[in-house]
Amino acid sequence: WRVKSSRKVSKKRTADTTNRDISLLLLLALFFLVVMFLWHCSWVASVVYAPSTLKLAGRQSDGNRTRFEDMEEGMTWIREKTGKDARVLCWWDHGDELSSLTDRVTYLDARGFN
């Protein structure tokens with residue numbers, strides 16, 4: 001009897017060890033998925049709430065950092081060279097920035113108040 005009972009115990013211990021290993025592996029996978037989800041949420045928030053596109057950063061050919069201020073210069077020109085009652089046609093995603101920085105009415109903007 002003792003020999004048979006020891007075999008049963010060893011089979012049970014092997015099954016318990018296998019179940020524990022599978023459980024630990026599933027917990028590790030779940031932890032990894034949660035970490036990746038949090039990283040993804042942080043990345044999406046950084047993209048959605050990114051700074052304005054009025055001043056784009058870049059690098060010159062020699063490696064020095066520079067800013068391209070074309071949008072800001074264009075909006076300054078619109079504010080100074082057009083009349084107060086002028087309407088501006090622009091791409092919809094720049095319409096809010098343009099209407100708030102130039103005090104001009106835009107035909108297209110993200111708010112839909114055209």
Side-chain angles (χ1 to χ4, degrees):
W1 293 91
R2 289 185 185 253
V3 173
K4 290 182 181 178
S5 65
S6 66
R7 287 183 184 171
K8 288 181 182 177
V9 170
S10 66
K11 287 182 181 179
K12 186 176 180 184
R13 284 185 182 167
T14 304
D16 288 344
T17 304
T18 304
N19 288 341
R20 185 178 42 205
D21 291 344
I22 291 172
S23 298
L24 288 174
L25 186 63
L26 289 175
L27 282 174
L28 183 64
L30 181 64
F31 177 75
F32 177 75
L33 289 174
V34 168
V35 168
M36 291 304 294
F37 176 74
L38 292 174
W39 175 81
H40 175 72
C41 290
S42 299
W43 177 78
V44 168
S46 71
V47 170
V48 170
Y49 301 115
S52 174
T53 59
L54 291 178
K55 295 183 180 182
L56 299 174
R59 294 196 180 269
Q60 297 175 343
S61 60
D62 60 358
N64 290 330
R65 296 187 77 153
T66 185
R67 290 194 172 265
F68 302 105
E69 300 176 355
D70 298 339
M71 290 286 289
E72 186 178 14
E73 290 173 6
M75 291 191 189
T76 302
W77 185 89
I78 291 172
R79 186 175 53 244
E80 293 174 355
K81 304 290 184 180
T82 59
K84 289 282 188 185
D85 59 344
R87 288 181 167 247
V88 180
L89 180 62
C90 65
W91 194 250
W92 70 269
D93 56 348
H94 295 294
D96 287 333
E97 293 173 346
L98 198 136
S99 65
S100 64
L101 295 174
T102 62
D103 295 326
R104 302 297 184 268
V105 176
T106 59
Y107 284 110
L108 296 172
D109 59 23
R111 295 175 292 176
F113 302 133
N114 300 326

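Because only heavy atoms are used, hydrogens play no part in the values below, and waters and symmetry mates are left out as well, while side chains stay in.
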Taking the side chain as C-beta and beyond, is there a heavy-atom pair between D21 and L25 under 4.5 Å?
no
Between A86 and T82, the two heavy atoms sitting closest are CB-CB, 4.0 Å
With side-chain contact (heavy atoms from CB on, under 4.5 Å) as the test, would you mind laying out the steps for L38 and V34 before giving the verdict?
CA-CA 6 Å; L38 292 174; V34 168; 4.2 Å; yes
List the steps and the verdict of side-chain contact (heavy atoms from CB on, under 4.5 Å) for R65 and Q60.
CA-CA 6 Å; R65 296 187 77 153; Q60 297 175 343; over 6 Å; no
Stepwise, does the side-chain contact (heavy atoms from CB on, under 4.5 Å) test hold for V35 with F31?
CA-CA 6 Å; V35 168; F31 177 75; 3.7 Å; yes
Any chance you could measure [X], atom [atom1], to [Y], atom [atom2], to the nearest 0.5 Å?
| X | Y | atom1 | atom2 | value |
| --- | --- | --- | --- | --- |
| S99 | M75 | OG | CE | 9.0 Å |
| I22 | L27 | CD1 | CG | 12.0 Å |
| E73 | I78 | CD | CD1 | 12.5 Å |

Can you list, by chain and residue number, the hydrophobic cluster partners of M36 when the side-chain cut-off is 4.5 Å?
F32, W39
Donor-acceptor contact below 3.5 Å, side chain R79 vs main chain L101:
yes
